[in-house]
Amino acid sequence: MDIFTRLRLHISQLYESKLLRLAWCALALNMLAFNTMASNLVVELSKELPKNITHNIHSYLGDLPTQNAQRLLFIANARKNITKAIQALGYYRASIDINTVGEEDNATWLLKVDVVLNQPTVIESSEIVISGDAQNDEVFKALIAEQDFQPGEILNHGKYEQFKLSLASLGLKHGYFNATFIDARIAIHQSYHSAKIYINYHSGQRSRLGKVNFNDIDINNDLLTQLIPFNYGQPYHVNQLRQFQNQLEQTQYFKNIVIDPKNNQSVDGIIPIDVNIEKAQNHHINLGVGYATDTKLRISAGWKTPQVNRYGHKQETKLTYSEINPVGQFNYTIPLSHPLNDVLQFELRLEDDVFGDIDSKYWSARLGRIKNNEHFISEYYLRYLQEDWQLNDQEQFAHYYLPGITWSKVTRSGDPINPKRGFSQYYNLEFSHQGIGSDANFIRFYAKWKYLKSFNEKHRLVARAELGFLIPERADFDEISPSLRFFTGGDQSIRGFAYQSIGSSIPNPLYVAGEDEDISLIVGGSRLSVASIEYQYQFHQKWRAALFLDSGSAYRKDKLKAVYSVGPGIHYLSPIGAIRLYFGYSLSKDNPSWRIHFNLGAEL
């Protein structure tokens, strides 16, 4: 070992020794601090006291003392604080006996508290009066109807104060900004046997929503006005302002939004609303990497312009590359009567995909009007589709003009990412006719449903179904492009099978009897039927186990031969949605094997 090596080793040992001594010193100081902060008094309450009484006494007593002077003050105030704690729960006739055990200053003392509650004070009657505009307000009538100051009930000051707070909060929420309590008291009989509750709440005049004033910003004022969810003079409600805030945020036009009701500037109860907004960045770029067993590794790049011009136009371009299903998409959206709920959208899409044994390349252009009301989302559109496909080295081409409509609705309760209950439904209907320039005549319908419900906290059931058909089913089926036919199989349909590998088949024209294996070609169907049921059990806060049964097929008329698969799964509940891993096993193959399926996101 050379001198430099020995020197480095010596320095390292000294350094480690010094660190060790520092660690022991820190530990000793922490222990000393702990001992210094330890309480020097123990409080012992009567063991037969109810838990709510015991908890309230400790709450009123507060933190235990750590110094001698604090201990003396704590003991001096103990009777007063214990009396308040007991009376707050209706025991005005209780007897309290306090004894202190301890003499030495440095020792831990014992404070023994013996409490005999005796008979509680009960409510004799309650008188609640609402005056002002709130007198005829249904929400106040409902609140009074829900109050439960029942005669004979033990008096509870906390319940009384909570009811007062509920009245005051409800008043602020509904615009009664000048409300006051003319009378609010508990009258206790001299014998402490009973008490009467008096509450007189005067709401005054209810405020109304006035003119909305936006700060100067480069965006069409009519567009901003369309986002206001209330009318001038409408009765004030804080939820209207919250909805206004949410709609401004959902446009993605702004990065900072402040809605300020000017209560001090109201005239005849009309409150002006000032809105200060700051424009968002003009461009957003995002890159992503994902994986699904259907499409394998996916790399994506997106470019979004939330506000192209002062009229609220927006564009989004996204490129996604995967070995099986590369996609390019461009969307351009123009607000009509509402920037969120009524828009005109142009979509351009280019895609390569594999449908059974068919390789397909297609592009489509779509112009549609999308309307979103409180109950559902609908779109009326015209789509142009041009598709080239290849089957057994034979190439085909077709194009179509497709008028159509989509209708969808999602309801859920609980966490949007991990709902406790929900139901989603989607319907699509479109048709093609040679009279408008298409290569084939048909009507195409597709629908899917998904339902989930949690039982207790750990058990969950998820059911889904798909249905589709083409009319006519027999004529010109070969002229219908693969993207319009029906296929199934994969992560999102029937697990245990490869992506879009299930469909009606035809004999392989290249098959040579006696030389080649008899393999049919999957070409899709004119009908689709899929059903799935899945049971999930949450065994940990972040983990769920699952067991599923999938069935169905894509088939031609009168030739349904459903396939089946089963398997277990495991879910990790991440902040962005469940990460789901399934192991699917086909019950319909001669020599089945396990197939892994992986996907990510919310289930609805």
Side-chain angles (χ1 to χ4, degrees), residues 50-56 58-59 89 139 142-143 145-148 156 158-159 162-163 165-166 169-170 173 238-239 242-243 246 290-293 374-376 408-426 448-466 490-496 530-552 564-585 594-604:
K51 289 184 178 180
N52 65 324
I53 300 290
T54 300
H55 176 76
N56 217 40
H58 283 300
S59 296
L89 297 176
V139 294
L143 180 62
E146 292 173 0
Q147 64 84 17
D148 57 350
N156 187 315
K159 182 185 290 187
Q162 182 59 48
F163 181 74
L165 181 61
S166 297
S169 299
L170 190 64
K173 185 177 180 179
V238 70
N239 286 351
R242 290 174 181 167
Q243 183 183 355
N246 290 338
Y291 182 86
T293 47
E374 296 180 357
H375 304 290
F376 60 87
S408 63
K409 181 179 181 180
V410 178
T411 57
R412 61 172 68 90
S413 61
D415 185 354
I417 299 297
N418 184 31
K420 293 191 174 297
R421 184 172 183 174
F423 180 55
S424 68
Q425 46 190 320
Y426 171 86
K448 62 179 177 181
W449 305 268
K450 192 170 190 179
Y451 174 79
L452 66 84
K453 183 177 181 180
S454 298
F455 301 90
N456 299 322
E457 292 296 325
K458 296 183 178 181
H459 305 277
R460 196 183 199 203
L461 195 65
V462 179
R464 57 180 171 84
E466 294 179 78
D491 298 344
Q492 305 297 327
S493 54
I494 302 178
R495 289 158 287 192
V530 174
S532 172
I533 188 77
E534 181 175 325
Y535 168 73
Q536 301 173 358
Y537 176 75
Q538 187 164 347
F539 61 88
H540 184 270
Q541 184 179 2
K542 293 290 185 180
W543 292 93
R544 274 199 303 253
L547 187 65
F548 70 85
L549 169 65
D550 296 342
S551 66
Y564 300 88
S565 68
V566 296
I570 189 76
H571 301 179
Y572 174 71
L573 307 182
S574 77
I576 58 174
I579 300 173
R580 298 182 288 274
L581 180 66
Y582 293 101
F583 301 90
Y585 185 81
W594 291 96
R595 188 174 185 87
I596 298 176
H597 299 275
F598 173 84
N599 48 56
L600 166 68
E603 291 203 79
L604 281 179

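Rounded to the nearest 0.5 Å, atoms CG (Asn52) and CG (Asn156) are 8.5 Å apart.
Looking at residues two or more places apart in sequence or on another chain, you find a side chain to side chain donor-acceptor pair (under 3.5 Å) between Arg242 and Asn239. Applying the side chain to side chain donor-acceptor pair (under 3.5 Å) test to His55 and every residue at least two apart in sequence or in another chain returns nothing. With sequence neighbours left out, Lys159 forms a salt bridge (charged side-chain N to carboxylate O under 4.0 Å, His left out) with Asp148, Glu153. In terms of the ring pair (Phe, Tyr, Trp, His ring centres under 6.0 Å) criterion, Tyr426 has no residue partners (sequence neighbours excluded). For the side chain to side chain contact (heavy atoms under 4.5 Å, CB included) test, residues two or more places apart in sequence or in another chain that qualify with Phe598 are Tyr291, Thr293, Ile579, Leu581. Considering only residues two or more places apart in sequence or on other chains, Pro575 meets the side chain to side chain contact (heavy atoms under 4.5 Å, CB included) condition with none of them. Contacts of Arg595 classified as side chain to side chain contact (heavy atoms under 4.5 Å, CB included), with partners at least two apart in sequence or in another chain: Ala498, His597. Residues meeting the salt bridge (charged side-chain N to carboxylate O under 4.0 Å, His left out) test with Lys420, sequence neighbours left out: Glu457. Shown here are the side chain to side chain contact (heavy atoms under 4.5 Å, CB included) partners of Trp449, two or more places apart in sequence or in another chain: Phe423, Gln425, Tyr427, Ala447, Ala465, Leu467. Legend: residues meeting salt bridge (charged side-chain N to carboxylate O under 4.0 Å, His left out) with Arg580, ordered by chain and number and at least two apart, are absent.
The closest side-chain heavy-atom distance from Asp550 to Arg464 is below 4.5 Å. At a threshold of 4.5 Å between non-hydrogen side-chain atoms, the residues Leu165 and Ser169 count as touching. The shortest side-chain heavy-atom distance between Phe548 and Arg495 falls under the 4.5 Å cut-off. Between Ser551 and Val530 the shortest side-chain heavy-atom distance does not fall below 4.5 Å. Residues Leu549 and Ser532 fail the side-chain proximity criterion, which asks for heavy atoms closer than 4.5 Å.
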Under 3.5 Å donor-acceptor pairs involving side-chain atoms of residues 536-546, not counting sequence neighbours:
unit_1	atom_1	unit_2	atom_2	d
Gln536	OE1	Arg460	NH1	3.1
Gln536	OE1	Arg544	NE	3.2
Gln536	NE2	Glu534	OE2	2.9
Gln536	NE2	Glu603	OE2	3.3
Gln538	NE2	His540	O	3.2
Gln538	NE2	Gln541	O	3.1
His540	ND1	Lys542	N	3.1
Arg544	NH1	Asn418	OD1	3.1

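Considering all non-hydrogen atoms of both residues, Pro416 and Ala602 come closest at O-CB, 4.2 Å. Nearest approach of Leu604 to Lys450, heavy atoms of both residues: CD2-O, 4.0 Å. When all heavy atoms are compared, the tightest approach of Leu600 to Gly577 is CD1-O, 3.8 Å.
Although no hydrogens or angles enter the test, the distance criterion places no donor-acceptor pair under 3.5 Å between the side chain of Asn456 and the main chain of Lys458.
Residues in residues 564-578 take part in these side-chain hydrogen bond (donor to acceptor under 3.5 Å, both in side chains) pairs, two or more places apart or across chains: His571-Tyr582.
You'll find the ring centres of Trp594 and Phe583 outside the 6.0 Å limit.
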Query raised in the report: side chain to side chain contact (heavy atoms under 4.5 Å, CB included) between Ser454 and His459: does it pass, once the steps are laid out?
Result: CA-CA 6 Å; Ser454 298; His459 305 277; over 6 Å; no
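Within a 6.0 Å sphere centred on CZ of Arg412, heavy atoms belonging to other residues, nucleotides or ligands number more than 12. The environment of CD1 in Ile576 is sparse: at most 12 heavy-atom neighbours from other residues, nucleotides or ligands sit within 6.0 Å.
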